[in-house]
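What follows is a single structure, written as structure tokens, with notes after it.
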Amino acid sequence: MQNSTLYLQRLRQLLQLEYDAEKEEFRVQSEKMGIKRKIHRGICWYPVEAGRSYYNSLNQLVVEIVKKEQNETDEDIEHLFEYGKPVQFFQTPSLNGGESQKTEGVSYFPISSMVSYVDGDKMVVTIPSSQALIDLQNATHLGVQLYFDETSYKTMFHALDDVINAKNNRLADLKDIFAGQQNPQKLTFSPLRFPWLNSTQEQAVNEVLWAKDVEVVHGPPGTGKTTTLVEAIYETLHRETQVLVCAQSNMAVDWISEKLVDHGVPVLRIGNPSRVNDKMLSFTYERKFESHPDYPELWSIRKTIRQIKENRKRGDNVHQKIARLRDRATELEMAINAQLFDEARVVACTLVGAANKLLVRHKFSTLFIDEAAQALEPACWIAIRRASRVIFAGDHQQLPPTIKCYEALKQGLGVTLMERIVENQPQAVSLLKVQYRMNDAIMKFSSDWFYHGEVQSDESVKHRSVLDWEHPIQWIDGHEMLQQVNEELTEEEKLNIDFTEQFVGENHGRINKAEAELVLTTLRNYIDKIGKERFLEERLDVGIISPYKVQTQYLRQQIRKREEFKPFRQVISVNTVDGFQGQERDIILISLVRSNDNGQIGFLSDLRRMNVAMTRARMKLIIFGDKETLQHHTFYRKLIQYVEEVAEE
């Protein structure tokens, strides 16, 4: 049991450490890092062009920013621009500025801008004034980069202060319940039956309905967490008029929103989706606002106000006219806003987005937080302030939140609110125990190590495989393979291949080109073994995962270059572990990269990432790694033993 207030005060100090570290990182990026390096990190586009501008439905001036050049290597760069992120514009004296690793001659525009949405090589950005627009359109060598997100931190600090100071109210109760200082209460009524769910999913939905304060739906890989959560939301809406649904990222909010829309639930999405398509846009606040019958009148009034301001001459007394028009515009806005919220059964946004001014006067009986194990605790409190009870869904044995300050991480900033509740209130946790994704041999090690052996495979997937009688899980060690091959060769014929990891880039990113070649050779041979026609006909898909970004970039380049992969490029995805969160593939190949003389494995020791990587595979999992380096760690030693045992069965 923790003293809730002392814990939160400590948490605030750790958040301050993270804030200081991230602010300093952005300062260094602006002052010392060259444009080329920023582009490769995915935090900069250069050169760009300021295109069409217009006022959006929220009466913000926005401008389309388009990439002017597309290099081949750009396809390998996963940019980090998304809705709500602040950006900074800059210009250089010449295009050669983009080649430079230095920052001399780069000048920054003193304007605050925010990403509205991104689609391919185009993003829409809000800007403060028409003068800012003129400056951007007149710039000859324009670039845009991510800027320090001061607003999100301020919102989290403000939320923590509210919770720390909460006394004799619902927020104070939740604070103490989450810390284990009070027991969570439950309603008592007969359980409902859901024949289309399994027994643990059905139990989880009932536990959500019984919970007066808090419930955690713990969903290991492939156990149907989203299905269960959607059912729980749907049933809750039989008892409540409206609920708030949040997640850490825009992508996670989009995912759950789309599933709810498919279920026939009216969703109002606050903020723009990460994937720009008609289906996603149709339930955003902005699109619904534009589609309202009263919007044309509102747009006309706003346009008139702008024209009066632009055309007025000195001495003109137009204040009264503008005031009358503004009053009418406010009246229309409030009426449209009220109707949109009245029609919505689910309001969906990111955790930080729950501070949006559109939600200022809104309270909700229930808040659902999806992917809660990836959310910083201070971000969760932003949304919790608006709710009477909270339902968390996620898996704290998969990807954790991203923390940039090592000291803050070491002292506990990475411990999520969901994890705290699992520890302090185990009676409020429902574990989903049947998985529908993987061959049983792929799932079993993960179940035993991370979930106390409680996750079982459904009969429908237990024996699924690509090829009959093959082992569903395999470990390939380049050093071991090379040694076996060389034993059969003469001294002159022996191969000299170095499977040792290498360092590249200013961040000492790891790459292992020999292992990457082995991955590609193994994949090509496996496709041949399956048969190219069958592979394409059955639309088998492949995921190649590496914890190291540089390795994924190299693998992507090689697949694009090689003719033998041309027919299969559409079904081969290469990404980091984070990039594969929530996804699955028929065949997964994992390149662990690390190979050195002193058994150093770096962040491979964050075993939750390995759990995510392994459990993406439906039918075949192939792990590439240097056993000698990795078996110093108990987890990898046990995993290697397990794979060898499977091979002997």
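By the 4.0 Å N-to-carboxylate-O rule, Glu49 lies too far from Lys67 to be salt-bridged with it. At a threshold of 4.0 Å, the pair Glu584-Arg616 does not count as salt-bridged, since none of the basic side-chain nitrogens sits closer than that to a carboxylate oxygen. Contact check on Asp477 versus Lys627 returns no salt bridge, with no Lys/Arg side-chain nitrogen under 4.0 Å from an Asp/Glu carboxylate oxygen. A salt bridge does not link Asp149 with Lys23: every distance from a Lys NZ or Arg NE/NH1/NH2 to an Asp or Glu carboxylate oxygen is 4.0 Å or more. A salt bridge links Glu517 with Arg562: the distance from a Lys NZ or Arg NE/NH1/NH2 to an Asp or Glu carboxylate oxygen falls below 4.0 Å. Using a 4.0 Å cut-off between charged nitrogen and carboxylate oxygen, Arg539 and Asp586 do not count as a salt-bridge pair.
Between Phe90 and Ile35, some side-chain heavy-atom pair lies under the 4.5 Å cut-off. A 4.5 Å side-chain heavy-atom check between Leu589 and Lys620 finds every atom pair outside the cut-off. Side-chain contact between Ile476 and Leu518 is present, with at least one heavy-atom pair separated by less than 4.5 Å. Taking the side chain as every heavy atom from C-beta outward, Tyr451 and Asn611 approach each other to under 4.5 Å. By the 4.5 Å heavy-atom criterion applied to side chains, Gln145 and Ile43 are not counted as neighbours. No side-chain heavy atom of Pro472 sits under 4.5 Å from any side-chain heavy atom of Met619. The shortest side-chain heavy-atom distance between Ile572 and Leu523 falls under the 4.5 Å cut-off. By the 4.5 Å heavy-atom criterion applied to side chains, Phe624 and Thr522 are counted as neighbours.
Put simply, OG1 on Thr500 and NE2 on His479 are 5.0 Å apart, with the number rounded to the nearest 0.5 Å. The CD1 atom of Ile601 lies 9.5 Å from the OG1 atom of Thr629; values are rounded to the nearest 0.5 Å. Separation of atoms CZ (Arg510) and CZ (Arg594) is listed at 4.0 Å; rounding is to 0.5 Å. How far CG of Leu146 is from CZ of Phe26: 5.5 Å, rounded to the nearest 0.5 Å.
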task: Verify side chain to side chain contact (heavy atoms under 4.5 Å, CB included) between Ile587 and Val466, making sure each step is shown before the conclusion.
output: CA-CA 8 Å; Ile587 303 154; Val466 181; 4.1 Å; yes
task: List the steps, then state whether side-chain hydrogen bond (donor to acceptor under 3.5 Å, both in side chains) holds for Thr92 with Tyr46.
output: CA-CA 10 Å; Thr92 62; Tyr46 178 88; 2.6 Å; yes
field: Residue pair Val542, Ile588: steps toward the side chain to side chain contact (heavy atoms under 4.5 Å, CB included) verdict
entry: CA-CA 6 Å; Val542 178; Ile588 288 286; over 6 Å; no
message: For Lys225 and Asp370: C-alpha separation, side-chain torsions, deciding distance, then whether salt bridge (charged side-chain N to carboxylate O under 4.0 Å, His left out) applies.
response: CA-CA 9 Å; Lys225 176 203 47 115; Asp370 194 15; 2.5 Å; yes
message: One pair to check against side-chain hydrogen bond (donor to acceptor under 3.5 Å, both in side chains): Tyr153 and Glu22. What are the steps and the verdict?
response: CA-CA 10 Å; Tyr153 276 103; Glu22 193 168 346; 2.5 Å; yes
task: Please test Val593 against Gln551 for side chain to side chain contact (heavy atoms under 4.5 Å, CB included), starting from the C-alpha separation and ending with a verdict.
output: CA-CA 8 Å; Val593 174; Gln551 185 83 341; 3.6 Å; yes
message: Run Leu14 and Leu409 through side chain to side chain contact (heavy atoms under 4.5 Å, CB included) and show every step you take.
response: CA-CA 8 Å; Leu14 297 182; Leu409 178 65; over 6 Å; no
task: Walk me through it: do Ser116 and Asn272 pass the test side-chain hydrogen bond (donor to acceptor under 3.5 Å, both in side chains)?
output: CA-CA 7 Å; Ser116 184; Asn272 279 330; 3.2 Å; yes
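More than 12 non-hydrogen atoms from other residues, nucleotides or ligands lie less than 6.0 angstrom from CE of Met114. Within 6.0 Å of atom CD in Glu644, more than 12 heavy atoms from other residues, nucleotides or ligands are found, so the atom counts as buried in its surroundings. Under a cut-off of 6.0 angstrom, the local environment of CH2 in Trp255 is sparse, with at most 12 non-hydrogen atoms contributed by other residues, nucleotides or ligands. More than 12 heavy-atom neighbours from other residues, nucleotides or ligands sit within 6.0 angstrom of CG on Asn525.
Looking only at distances, a side-chain donor or acceptor of Arg569 sits under 3.5 Å from a matching main-chain atom of Arg560. Panel note: side chain Arg420, backbone Val415; no donor-acceptor pair is recorded below 3.5 Å. Under the 3.5 Å distance criterion, the side-chain polar atoms of Glu515 are matched with a main-chain donor or acceptor of Leu592. The backbone N or O of Lys122 lies less than 3.5 Å from no partner atom in the side chain of Asp119, so there is not a single donor-acceptor pair. Of the possible donor and acceptor atoms, none in the side chain of Arg437 sits under 3.5 Å from a partner among the backbone N and O of Ala617. One N or O on the side chain of Glu18 and one on the backbone of Cys405 form a donor-acceptor pair closer than 3.5 Å. Panel note: side chain Ser447, backbone Val455; a donor-acceptor pair is recorded below 3.5 Å. Put simply, the side chain of Gln435 gets close to the backbone of Met438: a donor and an acceptor are under 3.5 Å apart. When atom types are taken as modelled, the side chain of Tyr642 and the backbone of Ala441 share a donor-acceptor pair closer than 3.5 angstrom. Checking side-chain atoms of Thr615 against main-chain N and O of Pro221 turns up no donor-acceptor pair under 3.5 Å.
With sequence neighbours excluded, the residues forming a side chain to side chain donor-acceptor pair (under 3.5 Å) with Arg534 are Glu538, listed by chain and number. Applying the ring-ring contact (aromatic ring centres under 6.0 Å, His included) test to Phe535 and every residue at least two apart in sequence or in another chain returns Phe568.
No hydrogens or angles considered: a donor-acceptor pair under 3.5 Å links the side chains of His218 and Asp395. Judged purely by distance below 3.5 Å, without hydrogens or angles, the side chains of Thr576 and Tyr548 never pair a donor atom with an acceptor atom. Side chains of Gln558 and Arg556: no donor on one and acceptor on the other come within 3.5 Å. A side-chain donor from one of Gln374 and Gln581 sits under 3.5 Å from a side-chain acceptor of the other. Side-chain contact annotation: Tyr636 with Asp626, donor-acceptor N/O pair under 3.5 Å absent. Counted by atom type alone, Glu501 and Asn596 present one or more donor-acceptor pairs between their side chains at under 3.5 Å.
A tilted orientation is assigned to the rings of Phe81 and His79, their planes being inclined by 30° to 60°.
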